[in-house]
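Read the structure below first, then the notes.
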Amino acid sequence: MNVCLGPMAKKYKPDEVLIVKSNMTLKGDFVLKSLSYVLSNEKNGYFLKSFTDNDANEASIPNTYNGLPVKGILADAFSENNKIKKLTIGDNIENIEGGALSNLKILEELITPFYGETINDEEATFGYLFGIGGNMQEMAVPETLKKVTITKQKIITKNAFINLNHIEEIILKNAETINSYAFSSMNNLNKVSLNEGLKTLNANSFSTLTNLESLELPNSLEKFINPLTSTGIKSLHFSKNLKEYSYRNESSKLESVTVDEDNELFASQNGILYNKNFTKIITYPCNKIGESYTLLDSVKEIGNNAFMHSKFKSINLKNVEIIGDEALRFSAIKSVTFPSSIKSLGKTSFSASKIEEINFPEKLDNVNVLPVGEYIFSSCDSLTSIVIPSYIENISNYFVSSDMVNSIKFLGSVKSIGTCAFAGTQITSIDITFKDNATIGDRIFVNCGELKTWNIHFEDDVTNYPTFTGGGLGAYVPNIICDNNEIASALKEKWSAYKSFIGTGVSSSFVIEDGVLLKFNGTSEETDIVIPEGVTRINKEAF
C-alpha cells in the first residue's frame, strides 16, 4: 500500500498527542497523512483507497500521486465518521467503484465527472455512487445532497436521477444527450443549467418537476423529443439549430413557445409554434388564456397534441384539412364545427375533452370518405349525442365510448365498425345500415346496458352480410330487428350464434328459443314482469 502526503493531510500542533497503537504515540509538530492509494495493475496510475480526515468539511481528490495520475476511487473510500459536505472529484478520474461515496451521509454538494463505473457506463444511475441505483436509489443518496455538477459525462442515462426529491440544482458541463426520465420525479428540483453542446432531450427527461419554473435551452439543441411533462416551466425558446420537435403539451404552466426567426423549419407567433410557412400549428401552449381561438387562414393542419389540455371553449377551424392525433385531447372545448375542407381526423383527437356539440358539414370539398382515428370521441363525459355523416364509412375502435351518450344517428351506411365502437353508451336503440362485405369488430356494444334494439339495414346491392372479425357481440346482445323475413333468415344463418335474437317488426322484451327464456331486454324501471306462455325454462342470468 502506498500512502499519500498531500493537500488532504491533517496538521498536528507541537503539543498534540496522537495514539497510533496501544504501545505507540506521536507527539510534536507533524502531519498525519489522510489519503491512501493502491497502485493499478498496469502500474500507470493510482486508486484512492481511503480518506480518513474526519474533520474536513470539503474534500477534493488530487489529480496525481507520486508522479502518476489518480485514476479511480475504490468502494467505501471514505470513513464512516467524516464531516464532508462538499466533494470534488476531478476530471482525471476514470473509474469509480459502486458505493464509493456510501459513507458521505451529510454531503450537500457533489462535483463529479460522471456517476457510473466509467464515463461510458450506459446503465448506471446516480445512486450507483452511493451503493444503490435504479428506482430505489433514494434509499442510498443522502437527503442532505442539494447540488450536483456533472462535468464530463456526454450521455445522461435513462432514469439517472429519478425519484431523488431532495436535490434542488443540477449543473451539466459536457452533456450531449439527456435520455428518458433522467430527471424525473425530482419534486424539489428548481434549477437546471444546461451546457452548450447539448443536442438532444429525449422523452420525459424532465417530468413531474412542479418546482422547475424555467429552463434555458442552449443554442446547440437540435432535438426536443417531448421531454417535458408536469413541470412548472412557463416559457420555452429555441434557437435556429432546432431540427426535430415533438411535444404532448403536458406542462400545465406553459404559456409561450418561441423560436429564432432564422430557424429554417419552425416559426412562432404570439407564443404559438408553427412550421416555417405557417401551414401547420405545432404547439398552442396549454396555459395560454382565452375563451376561443381562430386558426390563421394559412393553417391546413393541426399537429399531433397541438391543443392538448388547452383552455379555450370554442375553435374556428377555418380551412383546416388535417387534425392530428390527440390534437384536442383533454381540452376544455365545448363545441366544434368541422369545415368542408376537412380530410382526416386523427386518433383520440377529441378524447376526454369537454365537447358537448359536434357539427359535421353536409358534404366535403375534395374527398368522399373521411378517415377517423380510433378513440376519437371516447371518454367525452359531456357529450350526449352524435350524428354521423354519410362520408364516415368506417367507424373506428372505441369511436364514441362515452357513458353520457344516449343518441347515435347514422346518415349513411357503413363499411366497418371497430372494436368496442359504442362501449358504455346509454343508447336504448340504434339503426345501422351496412354496405356489402362489411365487417364488425369485437364487442361493439360492450357495457351498453340500456340497449334493447338494434335495427339493422342493408344497401340494395348487398349480397354478403357483415362478418364478425373478433369474438362477436359478447355478453351485450340486443334484439336484432331486420327489415323483412328474407333478410332475417339469411342473417340467422350467417350469425348462427345470435339467431335467437334476430327477428322482424316490433321487438319483444323477451328472447325465447325452444321454450327457453334466454334473455330479458326490458328496462330497469319495469317492476311487474309476466313470463310469456310456452316458456318452460329460464336461462341463467336471463335477467
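- Listed by chain and number, the residues in a side chain to side chain contact (heavy atoms under 4.5 Å, CB included) with Ser335 are Ser314, Glu357 (sequence neighbours excluded).
- Glu326 and Asn305 share a side-chain donor-acceptor pair at under 3.5 Å.
- Between the side chains of Ser351 and Ser379, no donor-acceptor pair of N or O atoms lies under 3.5 Å.
- Residue-environment remark: NZ (Lys347) stays at or below the threshold of 12 foreign heavy atoms within 6.0 Å.
- Atom CG of Leu198 sits about 11.5 Å away from atom CG of Asn219, to the nearest 0.5 Å.
- The aromatic rings of Tyr375 and Tyr398 lie parallel to each other, their planes meeting at an angle below 30°, with 60° marking the opposite boundary.
- For residues 198-210, the pairs satisfying side chain to side chain donor-acceptor pair (under 3.5 Å) are Asn179-Asn202, Tyr181-Asn204, Ser184-Ser207, Asn204-Thr229, with sequence neighbours left out.
- His237 and Asp260 share a donor-acceptor pair across their side chains, judged by distance under 3.5 Å alone.
- Among pairs with a residue in residues 292-303, those fulfilling side chain to side chain donor-acceptor pair (under 3.5 Å) read Tyr274-Tyr293, Asp297-Lys318, at least two apart in sequence or across chains.
- Of all the heavy atoms in Leu217 and Leu236, the pair that sits closest is CD1-CD2, 4.2 Å.
- Considering only residues two or more places apart in sequence or on other chains, Ser340 meets the side chain to side chain contact (heavy atoms under 4.5 Å, CB included) condition with Pro361, Asp365.
- With sequence neighbours excluded, the residues forming a side-chain hydrogen bond (donor to acceptor under 3.5 Å, both in side chains) with Asn277 are Asn275, Thr279, listed by chain and number.
- Tyr498 meets the ring-ring contact (aromatic ring centres under 6.0 Å, His included) test with Phe468; sequence neighbours excluded.
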